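One structure below.
Predicted, not measured: the structure shown is a model, and the values here were computed from it.
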Amino acid sequence: MISFLNLKAINAVNRDELIEACTRVIDSGWYITGNELACFENDFARYCGTSHCIGVANGLDALTLTLRAWKELGRLKEGDEVIVPANTYIASILAITENRLIPVLVEPDEASYNLCPLKAEAAITPKTRVILAVHLYGQLADMPALLEVAERHNLLVLEDAAQAHGASLDGRKAGNWGDAAGFSFYPGKNLGALGDAGAITTSDDDLAQTLRALRNYGSHEKYQNLYQGVNSRLDEIQAAMLGVKLKYLDKQTAQRRQIANLYLEGISNSAIQLPCCPNPEQHVWHLFVVRSQQRDALQQHLTEAGVQTLIHYPIPPHLQQAYAQWNGRNYPLTEAMHQQVLSLPMGPTMSADDAQAVVRACNQWAG
């Protein structure tokens, strides 16, 4: 079986360095908000091209705390609207509703699966305050166009960059386009920790200062609490793991792109729609997602051919029980995508031979 993603193999590449980093933390006697976190925050901010990186417990907290910080700073208030793609992972929506803000779900661009600037602008109302741009599957959204929309309407821009570490356009990386960006370092991400982890990037000094307090019980100084904060800190061991792996992110992105090119050049089955990527630097191929009107049959065929696949994601947010009040809404393009998408194996340790085997299996499917 060709595995969908081999995390053991990915981490084995840097096993000695990871063990050395872990040992360094254990021997230091300092396990929360220490030197490892400070070093990683500096390195990741530099990598993204921002002034600040604020490590937090996970990617959902990164989005939730950013919106919360804007509320504390008076830039948002309860009941304000946030434009967000209808076809995103539910975490993007949870961050909005957790802050008692109103998600405005917008159908995506059919070619990129990302937020469509024209549809986003059409959804703006007098209550709209934020555009939440999700770089889905690892492809940077059309940020120049979205920033123009935001500027015309005086809106904040928050990037959900959980799947897009290193994606760029004209040399400007994900995490450095909006007013702030949330990253996830879940183990399966392109830059993955060995547990849950996340971060926020921004060049807004006031926002960064507020976020550093909010993640730490609302406190900059112990026992002095400015806000009703939370406990959402990126611990020293995970920061150390990420510090090691960040050094190899660009190399691993290049390896992902090689696999993606083999798929794009080799799969030639009219019943399988390939992803659209006109600009190579804009996509880091966290996922390689194809579409088929016979998705379940395709997945069964690939399983029988020894190819493991996954579905990202089978149920869109508006049809989840968690948002039962939205279940009657109709987002036909989003619903079609969720019924048709299938993710092929993708990872930096995947061999060209395995990729060619996936290509052959796809081309052999009768459809």
Side-chain angles (χ1 to χ4, degrees), residues 58-64 66-68 76 78-139 141-142 146 149-150 153 155-164 178 182 184 186 273 275 286-287 289-296 299 310-343:
N58 54 68
L60 173 57
D61 282 2
L63 298 175
T64 303
T66 301
L67 294 171
R68 166 75 187 282
L76 294 178
E78 289 188 11
D80 284 345
E81 294 178 350
V82 180
I83 289 176
V84 62
N87 62 314
T88 187
Y89 181 57
I90 199 169
S92 310
I93 310 295
L94 292 170
I96 299 169
T97 56
E98 175 66 19
N99 280 286
R100 300 183 182 276
L101 302 169
I102 308 301
V104 176
L105 276 57
V106 174
E107 290 268 62
D109 172 74
E110 188 165 12
S112 69
Y113 306 136
N114 281 328
L115 186 62
C116 172
L118 293 176
K119 295 175 184 176
E121 187 162 28
I124 292 172
T125 76
K127 296 181 69 176
T128 305
R129 294 291 179 270
V130 182
I131 294 176
L132 201 167
V134 181
H135 306 317
L136 198 63
Y137 307 147
Q139 183 166 207
D142 187 352
L146 289 170
V149 172
H153 298 274
L155 304 178
L156 294 163
V157 176
L158 175 57
E159 297 174 71
D160 183 341
Q163 301 180 358
S184 168
Y186 183 77
Q273 180 180 330
H286 171 61
L287 299 171
V289 180
V290 300
R291 286 177 63 185
S292 175
Q293 294 184 6
Q294 304 172 62
R295 188 262 312 282
D296 294 345
Q299 185 174 40
L310 293 177
I311 298 171
H312 297 88
Y313 304 97
I315 306 173
H318 74 279
L319 295 180
Q320 298 284 355
Q321 184 176 341
Y323 294 104
Q325 69 273 25
W326 299 345
N327 289 174
R329 293 187 183 182
N330 183 30
Y331 299 99
L333 180 54
T334 291
E335 291 168 20
M337 286 179 174
H338 284 254
Q339 292 165 3
Q340 296 172 5
V341 293
L342 186 67
S343 300

Are more than 12 heavy atoms from other residues, nucleotides or ligands located less than 6.0 Å from atom [atom1] of [X]?
X	atom1	value
Tyr89	OH	no
Tyr186	OH	no
Arg329	CZ	yes

Side chains of [X] and [Y] only: does a donor on one sit below 3.5 Å from an acceptor on the other?
X	Y	result
Gln139	Ser112	no
Glu159	His135	yes
Ser292	Gln273	no

For a quick test of reading the model, state the closest non-hydrogen atom pair linking [X] to [Y] and the distance between them.
X	Y	value
Cys116	Glu107	CB-O, 4.2 Å
Leu63	Gly182	CD2-CA, 4.0 Å
Asn114	Val134	OD1-O, 2.8 Å

Using atom types as modelled, flag every donor-acceptor pair under 3.5 Å from a side chain in residues 314-326 to any protein atom, sequence neighbours excluded.
from: His318; atom 1: NE2; to: Glu335; atom 2: OE2; distance (Å): 2.8
from: Gln320; atom 1: NE2; to: Ile315; atom 2: O; distance (Å): 3.1
from: Tyr323; atom 1: OH; to: Thr97; atom 2: OG1; distance (Å): 2.8

Item to check | Atom pair CD1/CG of Ile93 and Leu60 - distance to nearest 0.5 Å | outcome: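 The CG atom of Leu60 is 11.5 Å from CD1 of Ile93, to the nearest 0.5 Å.
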
Next on the checklist: Working to the nearest 0.5 angstrom, can you tell me the gap between Leu310 CG and Leu342 CG?
Outcome noted: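 Reported to 0.5 Å precision, the distance equals 8.5 Å.
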
Checklist entry - Within the side chain of Asp109, is there an N or O that forms a donor-acceptor pair under 3.5 Å with the backbone of Ala111? => result yes

Item to check | Short side-chain to backbone donor-acceptor contact, Asp80 and Thr128, under 3.5 Å | outcome: no

Checklist entry - Side-chain contact, heavy-atom cut-off 4.5 Å: His338 with Asn87? => result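 Yes, their side chains come closer than 4.5 Å.
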
Next on the checklist: My understanding is that only one of Thr125, Ile124, Ile131 makes a side-chain contact (heavy atoms from CB on, under 4.5 Å) with His153; could you say which?
Outcome noted: Ile124

Item to check | salt bridge (Lys or Arg N to Asp or Glu O under 4.0 Å) partners of Glu110, counting only residues at least two apart | outcome: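 Applying salt bridge (Lys or Arg N to Asp or Glu O under 4.0 Å) to Glu110 gives Arg291.
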
Next on the checklist: Once salt bridge (charged side-chain N to carboxylate O under 4.0 Å, His left out) is applied, what residue pairs with a partner in residues 112-123 remain, sequence neighbours excluded?
Outcome noted: Glu121-Arg152

Next on the checklist: If you apply the rule side chain to side chain donor-acceptor pair (under 3.5 Å), what do you find for Thr64 with Glu98, and how did you get there?
Outcome noted: CA-CA 7 Å; Thr64 303; Glu98 175 66 19; over 6 Å; no

